[in-house]
There are 2 protein chains.
Amino acid sequence: MDATQERTVVSEVSAPGRVAAPDEGISHEELALAARNHGLPLEALRYDVTPPGLHYILVHYDIPAADAATWTLTVHGRVRTPLTLDLAALRALPPVTHRVTMECAGNGRARLAPRPVSQPWLVEAVGTADWTGVPLRTLLAEAGVEPDAVEAVFTGADHGVERGVEQDYGRSLTVQDATAADPEVLVAYEMNGAPLPPQHGYPVRLIVPGWYGMAHVKWLTDIELTDTPFTGFQQAVAYRFRQSAGEPGEPVTRIAPRALMIPPGFPDFMSRTRVVRPGPVRLEGRAWSGRAPVTKVEVSADDGASWQAAELTAADGGPWAWRHWHTPWTATPGRHVLTARATDAEGTAQPLTPPWNRGGFANNEVQRIRVVCQ
Amino acid sequence: MDATQERTVVSEVSAPGRVAAPDEGISHEELALAARNHGLPLEALRYDVTPPGLHYILVHYDIPAADAATWTLTVHGRVRTPLTLDLAALRALPPVTHRVTMECAGNGRARLAPRPVSQPWLVEAVGTADWTGVPLRTLLAEAGVEPDAVEAVFTGADHGVERGVEQDYGRSLTVQDATAADPEVLVAYEMNGAPLPPQHGYPVRLIVPGWYGMAHVKWLTDIELTDTPFTGFQQAVAYRFRQSAGEPGEPVTRIAPRALMIPPGFPDFMSRTRVVRPGPVRLEGRAWSGRAPVTKVEVSADDGASWQAAELTAADGGPWAWRHWHTPWTATPGRHVLTARATDAEGTAQPLTPPWNRGGFANNEVQRIRVVCQ
């Protein structure tokens, strides 16, 4: 469904976006999203590749009841040869596998003040997987993109209403991004060597290495080459950087640099405060950027007053996967706040105060882990 | 670790249990639990067997970094022959598979007033899986339970602090429950035919059909037969029905009857309000009870003012799995509240007003689905 097929439904179903009032607790609507969708439990940063049930998930509407036997992907619009592929046809093409760290564009939103009211992520909306499929550029070469095509519009099978607009989830990429060699966009049908789980797009999804999750259209059914830019809801209304509601805003694209630490020691059930014993503690975690390679991770054990460089291990997951880092720390009795920040090859370092925008997007404020040593 | 090994740590890490003030929104501490743990997205009620990443999950502390190659399970205490089994030894014993619906004892907690402050479940903390393993009674027969043994105490590898008490997660069953033929308790190493995912207890967990999730000890490392009842935190302090904080309370055991409906139509992203078209709609869902077979499911399309019996499909998942139900409905323009309730063979029907207790346990108030037909 392209933008012209999106419909307006009664406003009572679907309220405009808003930011929370000062001191407004998390609402039941936000909680209902948090109960459905979930982040990466931070101890799962230990895995190079995230097991599927631990990888963050954000589903806008319902997980569709997809049938792989009857599923088809169409490629049409400004192409010389429209294609209709079933799963067997897709699997018959030469596959490639990319390890990709994916992060929700709204990660960190719930820590902002004022808080944009939407999926209330803290810091955990991330995961890394090995995605296998066919390069999108292979399919587009087979279809033959017409010279006047400017964008490829991707439509998923998930259907719902958002801010009053009924829609199938849809996003676009420029033809340049869609056909690039690096990052190479995939039409993926496997995650970590197995068919995609339902919540990750079964049977087929888009993978756009380096971009926030909204670009990786799940339950992909249709690719349309267009000679005008896509104006659908998820492109022109949602996922834009805005300071106030009326602005057109700039689009959210690639992932800002971030480091996360595996919380050391063990937790209190309710507060998630960590307890560590006095003595040497290995601090470790992951860092990534969708803009340029991570070049530095710094760690602070005093809530950002001082920093020391962590050791980055080899980038053996490839350019689009997180990197492991570690550094020693000697825990001393008392309370500590641990934090880490990443810098990428473009020189961007994570901020200590959060960048605010009305959607809470690309919020890469540093993580803060409260630790009691006793 | 048995109760005598539980340690008290500084109270600043770990606050006493509490209920929320009137109109107190969900706190960041509750949100942090909701971001880690997750429920079943309600459309996933469509699957007879829940895919692992959609099954509800509740982890008290951290998911342990378990190594199947070095993992062992010990059976000791009041037995004639203490056992130490590795995974190969466990797999060499004759396996059985049971389909089991599991629900968190705290399901529904966040809808209570006042709200007990803990993992803030709405209605979705449920899932059904095929669990494969060795009957616990096989292991206990091999070890030879001494006549003076009264309980089996199960300890997991997850370690943390809760309400000021440092502990490995531990629970017990009476010898009678632990050795029963039906429900048959399993020491399980497979979920849906594959090794357990990390968050579901890899490599080995307990499965106690019919009981709330707290009994199904994950990352199981130790079974101790004791001649006195277990007084560990998760048995004597947590998971008790109490009206006030000082009471000893009654233990939470088997699952109260509940029906859930697959929300019809499609959702609004933020409010989760459903939109349906006018005309015939098939309403369907699942119902279960850990106490006795489900004998009746009733559906209301007018917020409980009137009810009609749904059709129950065959109980082909066995006695401990949910049953599918369905009933036709004709949607008419306007707003509707859909709900369903289950009754089991003991005659217990789901209440329309929620049973309250300080932990928010066994809350089987009926689900309410807001629908707009247009």
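Chain A is the first sequence line, chain B the second, and so forth, proteins listed ahead of strands; every chain is numbered from 1.
Of the listed residues (Asp158(B), Val59(B), Leu54(B), Asn37(B)), the one with the most heavy-atom contacts under 4.5 Å to chain A is Leu54(B). For the set Ser118(A), Ser27(A), Ala32(A), the entry with the most heavy-atom pairs within less than 4.5 Å of chain B is Ser118(A). In terms of heavy-atom pairs under 4.5 Å with chain B, the best-connected choice from Gly39(A), Ala125(A), Ala44(A), Ala35(A) is Ala35(A). Most heavy-atom pairs under 4.5 Å with chain B, from the set Met270(A), Arg335(A), His60(A): that is Met270(A). For chain B, the option among Pro52(A), Pro51(A), Ala65(A) with the highest count of heavy-atom pairs below 4.5 Å is Ala65(A). Between chain B and the options Arg46(A), Gln199(A), Glu124(A), Arg370(A), heavy-atom pairs under 4.5 Å are most frequent for Arg46(A).
Of the two parts of Leu33(B), only the side chain, counted from C-beta on, holds a non-hydrogen atom closer than 4.5 Å to a non-hydrogen atom of chain A. Heavy-atom distances place the side chain of Leu122(A), and not its backbone, under 4.5 Å from chain B. Interface remark: Ile57(A) contributes no atoms to any contact with chain B (heavy atom separation under 4.5 Å). Residue Tyr47(A) touches chain B through its side chain alone, counting heavy-atom pairs closer than 4.5 Å. Neither the backbone nor the side chain of Val123(A) comes within contact range of chain B; no heavy atom of the residue lies under 4.5 Å from a heavy atom of that chain. Only the side chain of Arg274(A) comes within less than 4.5 Å of a heavy atom of chain B; its backbone N, CA, C and O stay farther away.
Checked by atom type and distance alone, the side chain of Glu43(A) pairs as donor or acceptor with a backbone atom of Ile63(B) at under 3.5 Å. Checking side-chain atoms of Asn192(B) against main-chain N and O of Thr50(B) turns up a donor-acceptor pair under 3.5 Å.
Between Met214(B) and Gln234(B), the closest side-chain pair of non-hydrogen atoms is not below 4.5 Å.
Using the six-membered ring where Trp is involved, Tyr239(B) and Phe361(B) have ring planes that are tilted, between 30° and 60° apart. Trp131(B) and His55(B) have perpendicular rings, their planes meeting at more than 60° on a 0 to 90° scale where under 30° would count as parallel.
Two rings, from Tyr61(B) and His159(B), have their centers 6.0 Å or more apart.
In summary, Glu24(A) and Arg18(A) engage in a salt bridge, as defined by a charged side-chain N under 4.0 Å from a carboxylate O.
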(message) Working note: Asp268(A) + Val275(A), criterion side chain to side chain contact (heavy atoms under 4.5 Å, CB included); need CA distance, chi angles, decisive distance, verdict.
(response) CA-CA 8 Å; Asp268(A) 174 60; Val275(A) 179; 6.0 Å; no
